[in-house]
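One structure is given here, and the rest of the page talks about it.
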Amino acid sequence: MIMEKTAYITGILCIAVFIMGLFYQLGGFEKTERIIRFVTAVCIVSMLFNSIRDFELTPFIQGIQNETEQYNFEDSFYSSVISETQAELEDIIKKRLSEKNISYNSVEVHILEQNGNLTAGEIIVSCDKKYADTVYGCISDIATENTKINIGD
């Protein structure tokens, strides 16, 4: 974009100088030579100012500002903390189930964030229903009263 605007301004300047040369060479304007030069110079300067006014000299600064406005660091931080907490809780539950020799298909933990506090919103353990009491004992310290616990297939 910067190169396009620079080429545009350069083109306008070249065309304006060419037109000034044509006016100067077409007629024998010895007496009005200064007026033609002055009027042409004013036209060239006004075209350049119009082109430069449209040309934003700070596209890099605006690009950086737009990226920081679009990329919210706080949301990114919370989402990374939530995903890390979720992965850590899943690993803890898997480790506890392995210690109790309980086979399972999958373990999923869904984390809720409310007012800056992270809680386990739902814990899903896919295993045989006969191990439900043992699994519940393994995850009871992780779960709160509002945590949904799904044990079984």
Side-chain angles (χ1 to χ4, degrees), residues 1-98 103-127 135 138-153:
M1 175 150 182
I2 293 175
M3 293 303 292
E4 293 173 5
K5 288 289 188 176
T6 305
Y8 177 74
I9 292 171
T10 305
I12 287 178
L13 181 64
C14 290
I15 290 172
V17 169
F18 177 74
I19 291 173
M20 183 185 83
L22 283 177
F23 279 138
Y24 186 68
Q25 294 295 327
L26 281 178
F29 302 112
E30 290 88 17
K31 294 181 181 178
T32 58
E33 175 181 331
R34 289 182 185 158
I35 295 172
I36 291 174
R37 283 185 185 173
F38 176 73
V39 169
T40 308
V42 169
C43 289
I44 290 173
V45 170
S46 67
M47 280 191 264
L48 280 176
F49 280 137
N50 285 335
S51 299
I52 291 174
R53 181 181 47 143
D54 295 336
F55 182 68
E56 297 174 4
L57 295 177
T58 58
F60 296 116
I61 295 172
Q62 289 176 352
I64 291 170
Q65 288 173 348
N66 290 340
E67 287 177 10
T68 55
E69 290 171 3
Q70 292 173 357
Y71 186 76
N72 192 344
F73 293 103
E74 188 173 326
D75 289 343
S76 175
F77 174 73
Y78 278 124
S79 65
S80 66
V81 167
I82 289 171
S83 64
E84 287 295 321
T85 305
Q86 180 177 349
E88 187 68 28
L89 285 177
E90 288 175 359
D91 290 341
I92 290 171
I93 293 171
K94 289 177 183 178
K95 184 177 171 184
R96 289 180 182 179
L97 293 176
S98 296
S103 62
Y104 58 90
N105 293 331
S106 66
V107 174
E108 294 179 32
V109 177
H110 299 283
I111 303 293
L112 297 176
E113 186 269 328
Q114 293 177 337
N115 298 329
N117 295 325
L118 297 179
T119 58
E122 184 176 13
I123 299 174
I124 302 170
V125 179
S126 297
C127 66
V135 171
C138 291
I139 60 175
S140 62
D141 62 332
I142 296 172
T144 63
E145 60 187 33
N146 296 327
T147 302
K148 294 178 186 176
I149 299 174
N150 295 329
I151 301 171
D153 292 326

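We number each residue from 1, following the sequence as shown.
Applying the salt bridge (charged side-chain N to carboxylate O under 4.0 Å, His left out) test to residues at least two apart or on different chains, none of the pairs has a partner in residues 81-93.
What you find for Ile111 and Val109 is that their closest heavy atoms are CD1-CG1, 3.7 Å. Across Ser103 and Cys127, no two heavy atoms sit closer than the pair O-CB, 3.4 Å.
How far NZ of Lys95 is from CG of Leu97: 12.5 Å, rounded to the nearest 0.5 Å. The CD1 atom of Ile139 sits 4.5 Å away from the CD1 atom of Ile151 when rounded to the nearest 0.5 Å.
Listed by chain and number, the residues in a side-chain hydrogen bond (donor to acceptor under 3.5 Å, both in side chains) with Asn146 amount to none (sequence neighbours excluded). Not counting sequence neighbours, Ser140 has no partner by the side-chain hydrogen bond (donor to acceptor under 3.5 Å, both in side chains) test. Partners of Glu122 by side-chain hydrogen bond (donor to acceptor under 3.5 Å, both in side chains), not counting sequence neighbours, listed by chain and number: Asn150. Residues satisfying the side chain to side chain contact (heavy atoms under 4.5 Å, CB included) test with Ile142, not counting sequence neighbours, are Leu89, Ile92, Ile93, Arg96, Ala120, Ile123. Residues passing the side chain to side chain contact (heavy atoms under 4.5 Å, CB included) test with Leu112 are Thr119, sequence neighbours excluded. Applying the side-chain hydrogen bond (donor to acceptor under 3.5 Å, both in side chains) rule to Ser106 yields the partners Ser126; only residues at least two apart in sequence or on another chain are considered.
No donor-acceptor pair under 3.5 Å is formed between the side chain of Gln86 and the backbone N or O of His110.
Judged purely by distance below 3.5 Å, without hydrogens or angles, the side chains of Ser80 and Ser83 never pair a donor atom with an acceptor atom.
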